[in-house]
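Below: the structure, in structure tokens.
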Amino acid sequence: MSDLLERLRGRGWRMTAQRRVVAEVLDGDHVHLTADEVHAKATAKLPEISRATVYNTLGEMVTLGEVIEVATDGRAKRYDPNAHRPHHHLVCARCGAIRDVHPTGNPLADLPDQERFGFTVSEVEVTYRGVCPHCAAA
């Protein structure tokens with residue numbers, strides 16, 4: 001059973017076959033699938049699952065805070081189940097591959113007081129961009 005499944009069950013979320021399959025598809029490290037990719041993988045496990053059910057289930061998981069919606073460079077939104085461990089993203093500028101990264105240090109500490117303009121900052125999102133090894137070799 002995946003960590004995502006455990007978290008959803010722990011919240012008392014009704015686990016239908018469709019919801020279970022979507023959660024199973026999202027299981028793993030560095031998972032950043034589009035809704036269409038989730039649907040394709042879910043259909044392989046449960047052929048009758050509809051695209052609308054996948055989209056609705058992803059939306060519910062985002063609303064619950066169990067999945068993060070990641071949008072980069074105008075590409076399709078991707079869904080990240082790593083919602084409870086603070087992390088940043090490393091994105092390939094060519095193919096759009098995304099990896100979770102966990103740099104040391106506190107990114108809030110890197111923002112000087114005079115650059116906060118009186119804001120009380122509650123979270124930081126950092127995206128590192130570059131070229132992945134696969135694209136660099138091509």
Side-chain angles (χ1 to χ4, degrees):
M1 180 166 46
S2 76
D3 179 51
L4 180 57
L5 279 169
E6 289 175 16
R7 293 188 332 243
L8 291 168
R9 284 190 175 124
R11 295 181 71 116
W13 201 47
R14 191 170 61 92
M15 194 58 63
T16 64
Q18 293 86 352
R19 287 175 168 182
R20 180 186 45 76
V21 166
V22 171
E24 288 173 353
V25 166
L26 288 174
D27 185 33
D29 291 333
H30 307 289
V31 175
H32 301 90
L33 301 172
T34 66
D36 286 339
E37 290 169 335
V38 172
H39 179 253
K41 289 178 182 284
T43 300
K45 294 179 175 225
L46 188 67
E48 65 272 13
I49 193 168
S50 72
R51 187 176 308 275
T53 297
V54 169
Y55 274 82
N56 290 338
T57 301
L58 290 169
E60 290 172 18
M61 289 177 177
V62 169
T63 299
L64 287 171
E66 297 298 339
V67 171
I68 300 168
E69 215 171 49
V70 179
T72 62
D73 298 337
R75 296 177 189 257
K77 292 177 188 171
R78 295 180 176 266
Y79 296 88
D80 181 354
N82 190 4
H84 294 283
R85 182 174 176 208
H87 65 282
H88 305 304
H89 292 107
L90 180 60
V91 179
C92 179
R94 292 187 188 161
C95 71
I98 302 174
R99 300 289 297 203
D100 289 345
V101 293
H102 304 90
T104 57
N106 178 0
L108 269 177
D110 294 337
L111 184 63
D113 287 339
Q114 66 270 21
E115 290 295 320
R116 294 179 189 218
F117 301 99
F119 279 65
T120 301
V121 181
S122 58
E123 66 181 73
V124 177
E125 292 179 21
V126 176
T127 303
Y128 299 92
R129 300 186 191 287
V131 178
C132 71
H134 177 74
C135 289

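Worth knowing before you read on, the calculation uses all heavy atoms, side chains too, and leaves out hydrogens, waters and symmetry mates. Positions are given from 1 along the sequence.
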From [atom1] ([X]) to [atom2] ([Y]), nearest 0.5 Å:
X	Y	atom1	atom2	result
Gln18	Arg20	CD	CZ	9.0 Å
Tyr128	Ile98	OH	CD1	15.0 Å
Leu26	Tyr79	CG	OH	10.0 Å

Does a donor on one side chain and an acceptor on the other come within less than 3.5 Å for His89 and Glu125? no
Do Ile49 and Val67 belong together in a cluster built from hydrophobic side chains that touch within less than 4.5 Å? yes
Check Arg14, Met61, Arg19, Glu60 against Leu8 for a side-chain contact (heavy atoms from CB on, under 4.5 Å) and give me the one that passes. Met61
Leu64 to Arg11 - nearest heavy-atom pair and separation: O-NH1, 3.0 Å
Start with the C-alpha gap between Leu58 and Val22, add the side-chain angles, then the distance that decides, and say whether side-chain contact (heavy atoms from CB on, under 4.5 Å) holds. CA-CA 8 Å; Leu58 290 169; Val22 171; 4.0 Å; yes
Going through the checks in order, is the side-chain contact (heavy atoms from CB on, under 4.5 Å) test met by Glu66 and Leu4? CA-CA 7 Å; Glu66 297 298 339; Leu4 180 57; 3.9 Å; yes
Using the ring of each side chain (for Trp, its six-membered ring), is His87 parallel, tilted or perpendicular to His102, with breaks at 30° and 60°? tilted
Check ion pair Glu24-Lys41 (N to O, under 4.0 angstrom): no
Got a salt bridge between Asp100 and Arg85, using NZ or NE/NH1/NH2 to carboxylate O under 4.0 Å? no
For His134, look at atom NE2 and say whether over 12 heavy atoms of other residues, nucleotides or ligands are found less than 6.0 Å away. no
Decide side-chain contact (heavy atoms from CB on, under 4.5 Å) for Asp36 and Tyr55; before the verdict, give the C-alpha distance in whole Å, the side-chain angles of both, and the deciding distance to 0.1 Å. CA-CA 9 Å; Asp36 286 339; Tyr55 274 82; 3.3 Å; yes
For a side-chain contact (heavy atoms from CB on, under 4.5 Å) check, start with the C-alpha distance between Leu5 and Asp27, then their side-chain angles and the critical distance, and finish with the verdict. CA-CA 8 Å; Leu5 279 169; Asp27 185 33; over 6 Å; no
